[in-house]
Undergrad: 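I am attaching a structure below and will ask some questions about it afterwards.
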Amino acid sequence: MKRSLTGLQPTNFLHIGNYIGAVQPAVALQSDTQLMMMIVDYHAITMPQDPKELRKNILSAAATYLGCGIDPAKTILFQQSRVAEHMELAWILQCVAKMGEAERMTQFKDKSAKGESPTVGLFTYPILMAADILLYDTEIVPVGEDQKQHVELARDLAIRFNRDFGETFVVPEPKIRAEGARIMALDDGTKKMSKSAPSAKSYIALTDDADAIRKKIMSAVTDSGTEIRTDRNRPAITNLLTVFSVATGRSIESIELAYVGKGYGDFKKDLAEAVVEYLGPIRGRILNFAADETEIKRILAEGAEKAKGMAAFKMNKVRQRVGVTL
Ligand code: AMP
Ligand code: TRP
C-alpha cells in the first residue's frame, strides 16, 4: 500500500466546510493507502497560542478526527511534537534549503503581511512541513490548493538531498483536493465558510446540535429569485444545493428536480433535516471521544510510538548520509 500523510493544525472545533473539504477526503484515504494523520502542534505555535487553549485544542482535534472516522487500527494518528525527529530533520533540511526558496513561499508572505512582526518559525514553517513528509517515505500528500507550494518545496529538498548525499528520501506527490468542495458561509454566499467569521450563524460546527443546525439553516441567506437551482450568479442557493447533495449523496440535478415549483421554506426544512441526519452520528462520536481524555491520550501515545519507530529508522540513515555518525 502507498503511504499518505497529512497534517492538520489543532483547533477547537471544525465546521462542515472543513469536514467536507479536508477531513472526509482524508478518511477516504484510509481504505486504499497507509495514512498518517498528524496534529501539527509545532506548526501551530508559529502564531501566538495560549498554552491552556493549545492543550485543549490538541485533545479536541484528536476527538474530532476520531469522531469523523479516523480509525486508529488503520491510521497512525499522532501529535507532531511527540516525535522529536521532525525537529532534527527540519534543521538538516534548513541547511539544504536556500534563503530565496523559503522567501518565495506565499503563505509566509501573506501571513507576515497581515501580522506585525513574523517569527523565524513562521518563516521556516514550510521546511518543518517538508521534514514531516520526508521522514516517513510519504508518497501521497493530500492537501488543499494553498499547500501545494509547500509540498513542491518538500519535493525539491528531497531531490537535492538525494543528489548531494545519495538516495535517501522518497519524492512525494501532492494530491490536491478537487474544487467544488468549497463550502460558503450561510450568511454570505460569496465568502468561504470560516470559523473566524464574526457571526456563528455563518457556519455549522460539527458539534452543533440539531436545534442549532435547524436555526442556522432556516436563517441562511438565499439569493433574489425563487427558483431552487444552481446558478453562478446565485451563490447562496448554489451553496445550499451543494450541501444538500453532499449530505444526502443525491445529485444536485435530482434535488433541483424535486423542488421545482416549491419554495425556499420547504427546501430549507428538508435541507436542515438532511444535515442533522448527516452530522448527528459524527457529533455523537466526537462528544463520546471528547469525554474520554484517557482514551484519546492512549490512542495518541500509541500513534506516536509507531511514528517514532519509523522516524528513528529514517534519521539514522540521514545522519549517516550527512556524515555526523562516527
Ligand atoms: P483552515 O482551518 O481554514 O485552515 O482549514 C482547514 C482545512 O479545511 C483546509 O485544508 C481547508 O482547505 C479546508 N477548508 C476550510 N474551510 C473550508 C470551506 N469553507 N470549504 C471547504 N474546505 C474548507
Ligand atoms: N501546513 C499545513 C496546513 O496548514 C499543515 C501541515 C503541516 C501538513 N505538516 C504537514 C500538511 C505535512 C501535509 C503534510 O494545512
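First listed ligand is number 1; within each ligand, the first listed atom is number 1.
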Undergrad: Output the rest of the hydrophobic cluster of Val171: all Ile, Leu, Val, Met, Phe, Trp and Tyr residues reachable through side-chain heavy-atom contacts under 4.5 Å, sorted by chain and number.
TA: Ile159
Undergrad: List ligand 1 atoms under 4.0 Å from Ile183, heavy atoms only on the residue side.
TA: 18 (C), 19 (N), 20 (N), 21 (C)
Undergrad: Is Met193 in polar range of ligand 1, meaning some N or O pair under 3.5 Å apart?
TA: yes
Undergrad: Does any N or O atom in Gly17 lie less than 3.5 angstrom from one in ligand 1, N or O only?
TA: yes
Undergrad: Contacts table for ligand 2: protein N or O within a distance under 3.5 Å of ligand N or O, distances only.
TA:
unit_1: ligand 2; atom_1: 1 (N); unit_2: Tyr125; atom_2: OH; d: 2.7
unit_1: ligand 2; atom_1: 1 (N); unit_2: Gln147; atom_2: OE1; d: 2.9
unit_1: ligand 2; atom_1: 4 (O); unit_2: Tyr125; atom_2: OH; d: 2.8
unit_1: ligand 2; atom_1: 4 (O); unit_2: Gln147; atom_2: NE2; d: 3.4
unit_1: ligand 2; atom_1: 9 (N); unit_2: Asp132; atom_2: OD2; d: 2.7

Undergrad: Does the distance from a Lys or Arg side-chain N to an Asp or Glu carboxylate O, for Arg155 and Glu152, drop under 4.0 Å?
TA: no
Undergrad: What orientation do Phe244 and Phe267 show, parallel under 30°, tilted 30 to 60°, or perpendicular over 60°?
TA: tilted
Undergrad: Does ligand 1 come near enough to Asn18 that some N or O of the ligand is less than 3.5 Å from an N or O of the residue?
TA: yes
Undergrad: Which of the numbered atoms in ligand 1 are below 4.0 angstrom from a heavy atom of Gly21?
TA: 21 (C), 22 (N)
Undergrad: Is the shortest distance from a heavy atom of His15 to ligand 1 less than 4.0 Å?
TA: yes
Undergrad: Can Lys2 and Glu173 be counted as an ion pair, charged N to O under 4.0 angstrom?
TA: no
Undergrad: What about the rings of Phe108 and His150, do their centers lie closer together than 6.0 Å?
TA: no
Undergrad: Give the numbers and elements of all ligand 1 atoms closer than 4.0 Å to a heavy atom of Arg182.
TA: 20 (N), 21 (C)
Undergrad: Does this structure show an ion pair linking Lys98 with Glu103, if we count only N-O contacts that are shorter than 4.0 Å?
TA: no
Undergrad: Does any donor atom in the side chain of Asp132 or Gln80 lie under 3.5 Å from an acceptor atom in the other side chain?
TA: yes
Undergrad: Could you tell me if Thr106 and Gln149 have a donor-acceptor pair between their side chains, going purely by distance under 3.5 Å?
TA: yes
Undergrad: Would Gly144 count as a polar contact of ligand 1, with the cut-off being nitrogen or oxygen pairs under 3.5 Å?
TA: no
Undergrad: Is NZ or CZ of Lys195 both nearer than 6.0 Å to the six-membered ring centre of Phe13 and within 45° of the ring axis?
TA: yes
Undergrad: Please answer whether the main-chain N or O of Pro142 pairs with a side-chain N or O of Thr6 as donor and acceptor at a distance below 3.5 Å.
TA: yes
